[in-house]
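One structure is given below, encoded as structure tokens.
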Amino acid sequence: MNNQEDLVFWLAGNLKKSRFKHVMGVLEVAIELAEAHGVSKDKAETAALFHDYAKNFSDDEMRIYVDKQNLRDEHLSICGSINLYHGIVGASIAEKKYGVKDRDVLNAIMNHTFGRTGMSKLEKIIYLADIMEISRDFEGVDEIREKAFSDLDQAILAAIDKTLLYLIGKGEVININTIYARNDLISGNVKGIKKGGV
């Protein structure tokens with residue numbers, strides 16, 4: 001991306017300090033995972049920088065953008081919070097404002113929160129970088145970090161399982177795309193994953 005410096009400048013000035021630190025952490029991990037798994041470093045950088053671009057939008061800002069761009073999604077609508085659209089909005093802004101045209105990069109930005117069936121290596125890298133960057137601290141994160149560099153699918157299955165257990169424990173709604181992503185991994189579609197999980 002040609003205007004990466006402008007993007008980093010915008011993020012530093014518009015995200016909360018802790019959110020900007022998180023984005024820089026995701027950027028660092030995404031680059032390391034991209035190098036480990038033979039994925040374009042440029043693509044990983046772009047997706048990592050945009051993944052939380054809209055995270056600090058107010059509910060009104062998010063709602064206005066979603067409605068104006070006609071981004072409503074039936075799978076997100078049931079989750080209640082308009083903030084859960086931040087990945088979709090970030091991908092839309094990356095495409096419309098910054099001229100990002102690479103569908104893989106846009107999918108990685110869009111799906112980093114919930115996952116989906118048939119995720120590409122880049123999508124898995126951004127999903128994992130978001131959940132395991134250095135400031136993340138929860139039981140099992142070190143196991144995910146270790147697996148991520150040797151087997152993206154095992155790592156993402158462990159990450160999804162952790163996310164599901166967390167959401168169930170909190171009594172939260174689970175996005176159906178996360179269930180689809182998990183089922184895709186354990187249904188035999190992905191080599192090396194056996195039914196029953198890791």
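No donor-acceptor distance shorter than 3.5 angstrom exists from the side chain of N83 to the backbone of D59, with no hydrogens or angles considered. For the pair E95 (side chain) and S92 (backbone), a donor-acceptor distance under 3.5 Å is absent. Judged purely by atom type and a 3.5 angstrom limit, N56 uses its side chain to pair as donor or acceptor with the backbone of K16. At least one donor-acceptor pair closer than 3.5 Å links the side chain of R145 to the backbone N or O of E133. The main-chain N or O of G90 is never found under 3.5 Å from a side-chain atom of K55 such that the two would form a donor-acceptor pair.
For K17, the NZ atom counts as loosely surrounded, since its 6.0 Å shell holds 12 or fewer non-hydrogen atoms of other residues, nucleotides or ligands. By the 6.0 Å contact criterion, CG on N70 is open, its count of non-hydrogen atoms from other residues, nucleotides or ligands being 12 or less. Around CD of E146, the count of heavy atoms belonging to other residues, nucleotides or ligands within 6.0 Å does not exceed 12. Around NZ of K96, the count of heavy atoms belonging to other residues, nucleotides or ligands within 6.0 Å exceeds 12. Heavy atoms of other residues, nucleotides or ligands lying less than 6.0 angstrom from NZ of K97 number more than 12. Within 6.0 Å of CG on L164 lie more than 12 heavy atoms contributed by other residues, nucleotides or ligands.
Under the 4.5 Å side-chain heavy-atom criterion for ILVMFWY residues, no single connected hydrophobic cluster contains both I168 and V173. Using a 4.5 Å cut-off between side-chain heavy atoms of Ile, Leu, Val, Met, Phe, Trp and Tyr, with links allowed through other members, I31 and V26 fall into different hydrophobic clusters. Taking hydrophobic clusters as Ile, Leu, Val, Met, Phe, Trp and Tyr residues chained together by side-chain heavy-atom distances below 4.5 Å, I174 shares a cluster with M119. Residues L167 and L128 fall within the same hydrophobic cluster, defined by Ile, Leu, Val, Met, Phe, Trp and Tyr side chains chained together at heavy-atom separations under 4.5 Å.
Proximity of E5 to V8: side-chain heavy atoms (C-beta onward) are nowhere separated by under 4.5 Å. Using a 4.5 Å cut-off on side-chain heavy atoms (C-beta onward), E143 and Q154 make no contact. Here the side chains of R72 and Y85 are in contact, with some heavy-atom distance below 4.5 Å. You'll find the side chain of D52 reaches within 4.5 Å of the side chain of H112, heavy atoms only. Annotation: side chain of F57 is not in contact with side chain of V66 (no heavy-atom distance under 4.5 Å). Proximity of H37 to K124: side-chain heavy atoms (C-beta onward) are nowhere separated by under 4.5 Å. Side-chain contact between I131 and F138 is present, with heavy atoms from C-beta onward closer than 4.5 Å. At least one side-chain heavy atom of R116 sits under 4.5 Å from a side-chain heavy atom of N107.
Contact record, L122 with A44: CD1-CA, 3.7 Å, taken as the closest heavy-atom pair. When every heavy atom of D104 is checked against every heavy atom of D102, the shortest pair comes out as N-OD1, 2.9 Å. Counting all heavy atoms, side chain and backbone alike, A54 lies closest to V89 at CB-CG1, 3.6 Å. Heavy atoms only, all atoms of each residue included: I160 and A181 are closest at CD1-CB, 3.9 Å. For the pair A91 and I109, the tightest heavy-atom approach, listed with the atom from each and the gap, is N-CG2, 3.4 Å. Between N177 and G115 the shortest heavy-atom distance is CB-O, 3.4 Å.
E28 CD to L33 CG: the interatomic distance, rounded to the nearest 0.5 Å, is 11.0 Å. With rounding to the nearest 0.5 Å, the separation of CG in D151 from CD1 in I156 is 11.0 Å. With rounding to the nearest 0.5 angstrom, the CG atom of D130 is 11.0 Å from the CE atom of M132. Here CD of E61 is found 12.0 Å from CD1 of I82. Values are rounded to the nearest 0.5 Å. If you take CE on M110 and CD on E123, they are separated by 9.0 Å, rounding to the nearest 0.5 Å. Summarising the geometry, atom OG belonging to S40 is positioned 12.5 Å from atom NZ belonging to K121; distances are rounded to the nearest 0.5 Å.
With respect to I88, the side chain to side chain contact (heavy atoms under 4.5 Å, CB included) criterion is satisfied by exactly one of D73, T113, I93: D73.
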- prompt: Can L49 and M24 be said to form a side-chain contact (heavy atoms from CB on, under 4.5 Å), step by step?
  reply: CA-CA 8 Å; L49 287 172; M24 292 298 103; 3.5 Å; yes

side-chain contact (heavy atoms from CB on, under 4.5 Å) evaluation trace for F50 with V105: CA-CA 9 Å; F50 276 109; V105 171; 5.9 Å; no

message: Would Y98 and T46 count as a side-chain hydrogen bond (donor to acceptor under 3.5 Å, both in side chains) here? Give the steps.
response: CA-CA 10 Å; Y98 289 87; T46 301; over 6 Å; no

message: Working note: Y166 + K170, criterion side-chain contact (heavy atoms from CB on, under 4.5 Å); need CA distance, chi angles, decisive distance, verdict.
response: CA-CA 6 Å; Y166 172 79; K170 301 265 292 182; 3.5 Å; yes

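Pairs passing the ring-ring contact (aromatic ring centres under 6.0 Å, His included) check and including a residue from residues 3-32, sequence neighbours excluded, read W10-Y53, H22-H51.
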